[in-house]
Every structure is written in C-alpha cells, then in structure tokens.
Amino acid sequence: MRISAQSEDFDISLEIERLKENRTDLGAIVSFSGLVRDIHGDKIIKKMTLEHFPVMAEKELSKIGELAKKRWPLEGLTIIHRYGELSPGDNIVLVITTSHHRSAAFEAAQFIMDWLKTDAPFWKKEQTEQGEHWVGAKTDDDDQKNRWDK
Amino acid sequence: MRISAQSEDFDISLEIERLKENRTDLGAIVSFSGLVRDIHGDKIIKKMTLEHFPVMAEKELSKIGELAKKRWPLEGLTIIHRYGELSPGDNIVLVITTSHHRSAAFEAAQFIMDWLKTDAPFWKKEQTEQGEHWVGAKTDDDDQKNRWDK
Amino acid sequence: MNLIYFALIRENIGKSSEQITLPNNVTTTGQLINYLMTLGDNYQAAFSQSDLIRLAVNQEYVNLDHPISDGDEIAIFPPMTGG
Amino acid sequence: MNLIYFALIRENIGKSSEQITLPNNVTTTGQLINYLMTLGDNYQAAFSQSDLIRLAVNQEYVNLDHPISDGDEIAIFPPMTGG
C-alpha cells in the first residue's frame, strides 16, 4: 500500500506501473483522479488552497486503505492526496486499486473516495472573483460514506 | 466519444490527456483497465487470442457508450478494446470516463464494463499448458449486466 | 446470402465465411440454423447447443425468430467473452 | 497541553498552535472548548457552531466527551473537505 500526502503532482501511468511491476496476475486496475474544477456552484474558481494536518493525513489515508483491504481482495493500492496551492485543472487526489477481478477494484476505489471525503484531514479554501472562503462540508458526502455501512 | 478496436497497446496517460485537453471543468476521471491474467480457474495461461467481429465491434462499443451517456452526465468517454494475440500482463480493454462529479464517472465505467462483457463481439481463446480452448461465457457476467436494468 | 462465423463456431464449421443460396422454405434465423445442420457433421457440431448460438443480421443482434432474406449478411457466433 | 488549529478555526483564532495549562476542572474535550470560548471573541467566533467542530486527541478522532490530560496534543478543526 502506497500512501502519500504531498504538494507535488502525481503521474498516473507511473503509479499504475509501480503497482503492476512485472506481475501477470492482475486482471483489473481502477484509477480515480479528482481535479480542481473551475466552477463551484455559481462561483468561478481562480485558485484553491488545500490545507492538511501533517502526519495525521497519511495515517488516516492508511486507515481508510486498510478498511478497504479488509473488505475487498485487493492486490495493490495507492492513495495520493495533494496539499498546497492548486489551480483549476490540477490534480487533487489519486486512488488506484488493483485486483484479480473488476468489481473488487471498482468498489474499493469508490469506498476509499467516499471515506476520504469525510475522514481525511484536508480542507479546501477557494479563491473566487468574489473573494476567498473555506468550502463547507456537504451532507451528501456523509450519505455517500454511510451507504457502505450495510 | 473515442472508440477503438485495435491490436496495438494503449497508453492510459495519453488517453487521459486526450480527454482533459486544456479543460478545467472536469472534477473526476475514472479509468478501468482489464489485463490478461496468468491463471484462469486451475489453468496456467501462456497466451490468449482475442477474436473480434470487425466493424461491428466498434459499432457495439459505441452503442454501449451512448447508453452510458444517456444515463450519466459524462463529459468525455474513451473505450478501447484490443484483439489479436496477447500475453499475461498485457492490456485487453480500457474504459475512461470523465465527469463533473465522481459517482457519475465511477458508475458509468462499471456499467460500460458490465455491458461490454456480454455485448461486445469479442471472443477469448486461451493457450494453456493443457492445450487451447475457447473461454466460456459466464452467467455471472449476465447478472452483472442485468443489475443495471432497475 | 453471406454467412460469417466466429470463434468456436468458425472452427467447428471449418471456414470463416461462405455464400449460400437460401432455400425457399427458410425465412427465419432459426430455420437457417436448422437448414445448416443438414449440411454436415461440422455444422451439427457447431450448432448442437442452441443456447451457445448468437446471431447478427446486418450487424444487429437478433433472436432465432428473426426474418431473413437473400441479401442479408448473417453472422453466427458463440456468446461473447471480451472485456 | 499543546493545541493545534486548522482551516477556518485556525483563521478565526488567529494562530495555528498554542501551549496552554489545563485548568483543574477541564477534563473532557467538550469542557476544553467551553473553556477556550472564555478566552476571547476570536475563540467564540471559532467555536460558535458546535456541529462545525471536529477534534483529534493525539491524532485520533474523538467526540466532545473524550477525557483529556495535560500531556495530550489536541487538534481542533472544521469538518474535512478533501478529496
């Protein structure tokens, strides 16, 4: 399991290659990347600053990864979350899951994203043309996470 | 929508870049790649040959893509399916979905893979140490597809 | 009528395509399969299990009751296993 | 006791961390928040909405009834919005 909270960008192909190495047993690789959007609601986003809780951020990402590995037979897992100043179009987060079968890889990646949204200690501040503000948490995100309780 | 049935390998980063171009509105990019596994059931796979129905293969992949676009608000979509002789570890299929939000991208990619398994005119023949044989269709795959009916 | 075969059905029949002239009493895909099975053991082997037969007429999937005519291209193949 | 603040709470309080000595009658996270709110308007603004407060004691998320002691590191922050 590769976990990283970092300011630098990531390279999806390189990260996929790291999980594949020379393995020939993987049947399915799912990657999710989340990016900064240029619009949020009715506001135009110029920049975004991602604040994080150092050390704890990676610990929480690891915990979420371990939860996913307990639930699905994953062969490999990478979670990278950026912090610092980002612009629209920039990468924020990358989750890659590999498995023998596709449903495990798909579901685990969704689960990790849903948990990460509410449980990883990162906070977004948006710079818009009307000034800057901290992004509020969405009850939607809680609902997305809670659907995995069943 | 980019659709391709091809013998050549694909490059995931390049395909993601094609969908991103210089756009700054995409919030979510999901990629699925399916690979040749070295084991199937209790057999060791040495090679795999993928036969396809030329022209109709791309038409069916397009139809599946259109179905997905009707169901989810996708911004971009790529489906690439290889044919010809492949080895364990080789890429078979790539699906990339982009959307403003992650659930649309995740669900559409899963939907496309589930439909593609039963509806795209490709057939797998495995070369094992015990000889070669055509892979049988799995009722599992029908079930996976049918869950989208509701 | 142009017939094309794929995968195990192609191998069992021993060719990937052929031209045939449709007998007058063959007007559906199901009747075509039954007619082909009279042409030899290779066709019988190819079509012995009807649940393992899929068809496309002019590149559209159809069932065994689909009407056909002499100008059609009929593809016959086993259930798909791509992805 | 070491306190660290993040995001809007950090901005409202006006610092990212501080050392305090815990009064004897403050033994839970909830009591700590109430105590901090007596220290000034900036703290009151930061903690005015209790549903927008999250806490971690020694890097483990806890609720407002969690016991605390002087050696703990307490982080206080709004609900997370990463991903």
Side-chain angles (χ1 to χ4, degrees), chain A residues 5-6 32-37 40 48-64 79-84 86 91-95 109-126 131-142 144-145, chain D residues 1-20 28-30 32-33 36-37 41-83:
Chain A
Q6 62 187 47
F32 172 86
S33 22
L35 298 89
V36 180
R37 293 187 60 207
H40 188 177
M48 173 178 285
T49 307
L50 263 152
E51 182 166 331
H52 78 305
F53 185 167
V55 186
M56 190 173 175
E58 294 191 345
K59 274 173 63 173
E60 284 304 311
L61 295 177
S62 297
K63 274 190 198 171
I64 295 167
I79 309 177
I80 301 176
H81 201 303
R82 296 180 69 191
Y83 57 80
L86 302 174
N91 288 316
I92 301 173
V93 61
L94 176 67
V95 173
Q110 279 174 294
F111 172 92
I112 289 165
M113 279 308 303
D114 289 345
W115 274 69
L116 186 155
K117 284 261 169 187
T118 60
D119 278 43
F122 291 85
W123 299 271
K124 285 180 182 143
K125 188 178 198 174
E126 293 174 343
E132 59 177 34
H133 60 267
W134 291 94
V135 174
K138 287 184 298 185
T139 52
D140 255 25
D141 286 331
D142 291 323
Q144 284 290 99
K145 176 187 163 189
Chain D
M1 158 169 291
N2 193 31
L3 298 178
I4 47 183
Y5 308 118
F6 292 102
L8 182 57
I9 287 179
R10 172 179 57 71
E11 285 187 351
N12 276 331
I13 294 177
K15 44 191 150 185
S16 58
S17 69
E18 63 184 318
Q19 287 284 138
I20 65 160
T28 69
T29 43
L32 172 66
I33 297 292
L36 290 172
M37 286 176 81
D41 290 349
N42 51 338
Y43 291 93
Q44 284 194 24
F47 303 132
S48 58
Q49 278 187 268
S50 64
D51 60 332
L52 296 183
I53 303 173
R54 298 288 182 276
L55 294 114
V57 173
N58 304 320
Q59 307 202 341
E60 297 283 340
Y61 296 126
V62 298
N63 291 322
L64 286 169
D65 55 2
H66 193 81
I68 54 175
S69 61
D70 235 337
D72 289 334
E73 175 204 78
I74 317 259
I76 313 177
F77 40 83
M80 283 74 89
T81 56

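Letters A, B, ... mirror the listed sequences (proteins, then strands); counts begin at 1.
Using cut-offs of 30° and 60° for the angle between ring planes, the A:F122 and A:H52 rings count as parallel. Between A:F53 and D:F6, the ring planes lie tilted relative to each other; the angle falls in the 30° to 60° range.
Taking a cutoff of 4.0 Å between a charged side-chain nitrogen and a carboxylate oxygen, A:K63 and A:D119 do not qualify as a salt bridge.
With a 4.5 angstrom heavy-atom cutoff, A:H133 does not touch chain D via any of its atoms. Using a 4.5 Å cut-off between heavy atoms, D:R54 makes no contact with chain A at all. Heavy-atom distances place the side chain of A:K125, and not its backbone, under 4.5 Å from chain D. For a residue to count as touching a neighbouring chain, one of its non-hydrogen atoms must lie under 4.5 Å from one of that chain's; by this rule D:E60 touches chain A with backbone and side chain alike. Both the backbone and the side chain of A:V55 come within less than 4.5 Å of a heavy atom in chain D. Residue A:K124 touches chain D through both its backbone and its side chain, counting heavy-atom pairs closer than 4.5 Å.
For the pair D:N42/D:N12, no side-chain contact is recorded, criterion being any heavy-atom separation below 4.5 Å from C-beta on. Here the side chains of D:P79 and D:L52 are in contact, with some heavy-atom distance below 4.5 Å.
With chain D as the partner, the residue from A:D141, A:T118, A:T49 showing the most heavy-atom pairs under 4.5 Å is A:T118.
At least one donor-acceptor pair closer than 3.5 Å links the side chain of A:E51 to the backbone N or O of D:A7.
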